[in-house]
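Whatever order the structure lists them in is the order used to number ligands and atoms, beginning at 1. Side chains included, hydrogens not; waters and symmetry mates left out as well; all remaining heavy atoms used.
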Amino acid sequence: MPLKIHIETYGCAMNEYESDRTRRLFQEQYGYEWSGVPEEADLVLFNTCSVRDKADQKALSSIGRLRAAKIMRPGMVVAVGGCMAQSMGGELQKRAPYVDLVFGTHQWSRLPELVEQVREKRERLLETDFYGWKSYRFLPYRESTDSHPVSEFVTVQNGCDKFCTFCLVPFTRGREVSRPPEEILEEIRNLARNGVKEVVLLGQNVNAYGRDRSGLISFPELLDRAGAVEGVARLRFITSHPAEMNPELIDRMADNEAICEHLHLPLQSGSDRILTRMNRQHTLEDYRGTVKFLRNRIPALHLTTDIIVGSPSETEDDFKATLDAVGEFEFNDSFSFCFSPRPRTKAAEWKDEFVPPETALERLFRIQELQTELAVRRAGSYLGSTVEVLVEGAAKRGEGLFTGRTRSNLTVNFSSGSRKPEGLVQVRITEAMSHTLRGEHLEVGYVG
Ligand code: SF4
């Protein structure tokens with residue numbers, strides 16, 4: 001009987017990518033079958049996140065739920081990887097003695113070998129070493145004819161050198177490592193041959209691609225080569241750092257037709273004092289200049305951001321500066337959170353300056369209220385217009401509706417008569433909510 005694998009994924013797009021490629025590797029190369037029920041699997045893998053304390057707690061409670069199954073079926077291998085595993089290491093094994101393997105973010109490509117070792121020797125393993133760029137190995141991508149969704153992530157870079165004072169990533173993922181361009185392009189070509197129309201390039205600090213060593217191509221050059229792959233209709237990239245935005249990159253975004261009019265550019269705070277304490281390496285004025293340049297070159301740009309409220313020592317005036325900045329830049333969407341102290345980071349040491357949780361929550365509520373207003377207004381501007389939608393399949397809600405995304409990354413649910421739409425279609429927008437549009441699929445050749 002074939003062995004069964006189950007993977008639970010928490011956190012960011014990079015984790016989703018690593019889980020997806022790992023599942024494919026175990027299924028295609030090692031003959032595993034997918035199990036939708038963790039208790040019935042022979043290998044249960046938790047790919048964890050550590051961005052906030054809540055993420056740690058969520059993963060720990062899911063891991064805890066597997067304890068009884070592991071007692072009943074001791075042959076089952078329980079493996080925990082990702083950022084929380086990297087940061088907790090041996091402590092995780094102490095807290096959850098039924099976990100067989102704790103592996104770090106640099107061990108993904110060694111996973112089949114580590115699982116085998118656990119299985120054969122019946123021993124518990126802890127593997128959390130970091131490698132430098134010379135020996136870091138990205139997850140291998142194998143030529144495959146397996147079915148893919150229309151949109152796929154492709155990792156181009158791992159780790160971060162920025163050391164923002166609130167962030168654990170440099171400790172959990174290590175220093176920046178760029179993936180060789182030949183590997184990236186080979187993966188994209190293979191995906192395009194298998195019907196993928198949209199590629200999202202991933203990196204913690206994606207627009208710093210190529211800076212970690214000499215001899216690599218620049219990020220704008222990588223975008224050009226990726227956008228030129230036959231079959232790739234849309235190209236996106238996340239997450240960019242404001243200090244790494246430059247005119248060459250923005251020109252490339254404006255001139256290369258494959259690159260979507262969408263940019264996620266974390267602002268985090270509108271107060272220069274807080275930005276300095278966060279070690280963000282730019283001021284509000286720098287950010288303003290970048291947005292101005294972006295909007296001049298790409299008028300239809302859909303700009304989204306991340307905001308942290310209640311950072312240590314944040315005053316009401318600092319917060320108001322953030323509120324003003326969100327209003328000024330009129331973000332299409334923002335992901336806002338209360339500050340969460342992470343072990344080993346500098347900001348976690350500033351306990352005396354922590355903002356009371358109720359104040360942080362109240363600020364979060366105010367920023368989210370403003371963002372909803374902005375999102376509704378921005379989405380409303382689509383009413384009556386015709387947009388290009390990349391069809392993803394049947395909509396989860398609304399009987400008979402299909403769903404897809406605009407180039408600006410908004411979800412559109414639409415009717416399509418008796419036709420089953422696929423690929424890129426034209427949709428006329430009839431209704432606009434803050435995060436979703438509704439519309440109707442137009443006949444081919446329609447001129448609106
Ligand atoms: S740039 Fe992003 S990933 Fe890097 S330390 Fe700052 S917040 Fe973390």
Aromatic centroids of F26 and Y32 separated by under 6.0 Å: yes
Within reach of ligand 1, part of C164 (heavy-atom separation under 4.0 Å): both
Those atoms of ligand 1 less than 4.0 Å from some heavy atom in H241: 1 (S)
Atom 8 (Fe) of ligand 1 contact by C160, N, O or S atom under 2.8 Å: no
For ligand 1, the portion of P170 having any non-hydrogen atom under 4.0 Å away: side chain
Pair Y209 and F237, ring centroids less than 6.0 Å apart: no
Atom indices of ligand 1, in the order listed, that fall short of 4.0 Å to a heavy atom of F163: 5 (S)
Taking atom 8 (Fe) of ligand 1 as the reference point, the nearest protein heavy atom with its distance: C167 SG, 2.3 Å
Whether R280 lies under 4.0 Å from ligand 1, heavy atom: yes
Residue K162 vicinity, atoms of ligand 1 by number, heavy atom under 4.0 Å: 1 (S), 4 (Fe)
Criterion side chain to side chain contact (heavy atoms under 4.5 Å, CB included) on H262 and R234, from CA distance to verdict: CA-CA 11 Å; H262 169 224; R234 291 180 174 187; over 6 Å; no
Criterion side chain to side chain donor-acceptor pair (under 3.5 Å) on S62 and R65, from CA distance to verdict: CA-CA 5 Å; S62 296; R65 280 200 292 275; 3.3 Å; yes
Any side-chain heavy-atom pair of I7 and T9 under 4.5 Å: yes
Validation row, ring centre F337 to ring centre F335 under 6.0 Å: no
